[in-house]
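Here the structure is laid out as structure tokens; the discussion comes afterwards.
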Amino acid sequence: MSDPTLLVLSSLAGGDKHGYAMMQDIEAFAGTRLGPGTLYGAITRLERRGWIRPVGAHDRRQQYTITSAGRAWLADQLDSLQQVVKTSRARLKHA
Amino acid sequence: MRRLTRFVLRLYPAAWRKRYRAELEALIEDSGAGWRVIADLLKESIKMQLTTWSFGKLAAVLGLAGLVAAGVTSAFIAPIYISQAGLRITPPAGSVMQHATNHLMQMENQILSRTSLSAIIQDPRLDLYASERKTLPLEDVIEKMRRQDIRIRIVSLPANSSEAFSVSFSYPDKVKAQRTVQALIAKFQDANLELDREGVYAGDHLQVVDPPTLPASPGIPFLPPDWTDVVPVPNWLRPNRVSKAELRMVPASASEGRGPLTERITRIQNEVLSRASLSSIIQNPRLELYQQERKSAPLEDVIERMRKDIRIGRVSGDPLAFTISFGYLDRGRAQRTLQALVLRFVDADVEVQHQQEAARHEPPTIVREAMNLEVLDPPSTDRQRRNFYRVGMIGLIAGLMLAAVARLLFRLRSPTAA
């Protein structure tokens, strides 16, 4: 999975984080290292859609939290992915 | 690396920088900067700009970028040189300026013939189109030389005195361009002497009052005149370019009756507009008219179409004069076709006169009148700049099309990428 939007939302679903913390978390759970440009591109789009919002900042490091709309959209996307994964696994078994 | 990172961050939209720059810089400080980070930032900044710009701004920037890229490219393309010479054809003093235009057209036909051009191309001193001749048949090379690189244009026509015209040749080699024009001039002089030996008619004859005009280019401000050759405008959007000429039957004596001469004009017109005559003009390899139509319709229909594109009109107050015009998409071809038609008129007139003289058992009224052909301006050579316009225009159009495609793509992308 390499969609930065999904990766950022998945990371924030586990708790509020600033950019660098998100980058490390994503690398740890997905094995993908997002570049700073890609990460902030995704953050910009998600904030514009109201799926994440900024919360308290430490120094210049701005923390973000996932909104309820963001959780709903993430859940919806994961259900779709789940369906794809389930179908693919079943087909692999019969192949 | 830090300086470069700061520079790339400046490429993001100003409003975005105001909101996110500080935290992105903090992230880069934590994660470290490198070439991959720079490339990632650059990619995102372009993406961000493309999504936030209005179509007008996008089109202007990409169009300008295309123009600049094309300008740089054109600087590396081998230059084309145009060698040009001016000539004048004058009839001998005291004789009627009756056939200068016809004379010029006849000379042009001889000079642009396959035999003549093939001799120039293969002249060992010139050895033109050496690389093209390795891959293309000689016929195609001759066609390229005739249609693209040689230009013969009537410069002015001071009534009843002389006719000035220019001969130019475009070629990547400056010296060869000049020598080729010299060779073309020599061919003109030979053709002039040859035609003089054949003589001209002094009896009733058809005179070209106004030679076929070169139709004007579409006047679009700030664009080169031949933009229609570059911009891919569909044929149905292009208006026909009309070349016009005026001819007049000149009686041998003022007391001669007009009736027989108007009949003669009608006979000549019928001859010129006949199936055989138009068919040979349509299929003339120098003109190659109605190529698209000829693929989908029988020749008869194409001839009928050409008859509609040819207009013959009367000149008020002069029953012996008439105008002829021909409309075609390509202005150069419109003029060349009308030249061919005018030449047909003159030839048909000579033929009719022959027949009438033979019927009356009169001796032919051929007199020797040497046309004087002089070189006004010897061949000069200039670097052609049209390449820059052409390539630049292609770059500009490519940039504008890229802007339209980019905008469309960003509109069509999924909401998560918006």
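Residue numbers begin at 1 in each chain, while the letters A, B, ... track the order of the sequences. Side-chain atoms are counted along with the backbone in the values below, which use heavy atoms only and exclude waters and symmetry mates. The structure presented is a predicted model; accordingly, all values stated were derived computationally and were not measured.
B:W35 has its side chain within reach of B:L4: a pair of non-hydrogen atoms, C-beta onward, lies under 4.5 Å apart.
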Worked verdict on A:M22 versus A:L7 for side chain to side chain contact (heavy atoms under 4.5 Å, CB included):
CA-CA 9 Å; A:M22 272 187 253; A:L7 292 173; over 6 Å; no
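Of the N and O atoms on the side chains of A:Q62 and B:Y20, not one donor lies less than 3.5 Å from an acceptor on the other residue.
Interface remark: A:P4 contributes no atoms to any contact with chain B (heavy atom separation under 4.5 Å). Looking at A:E47, the atoms closer than 4.5 Å to chain B (heavy atoms on both sides) all sit in the side chain, from C-beta outward.
By number of non-hydrogen pairs under 4.5 angstrom with chain A, the leading residue of B:I28, B:L41, B:D30, B:V8 is B:D30. Counting heavy-atom pairs closer than 4.5 Å to chain B, the top-ranked of the candidates A:P36, A:G35, A:A42 is A:P36.
Ring planes of A:W51 and A:W73: parallel class, angle under 30° (limits at 30 and 60°).
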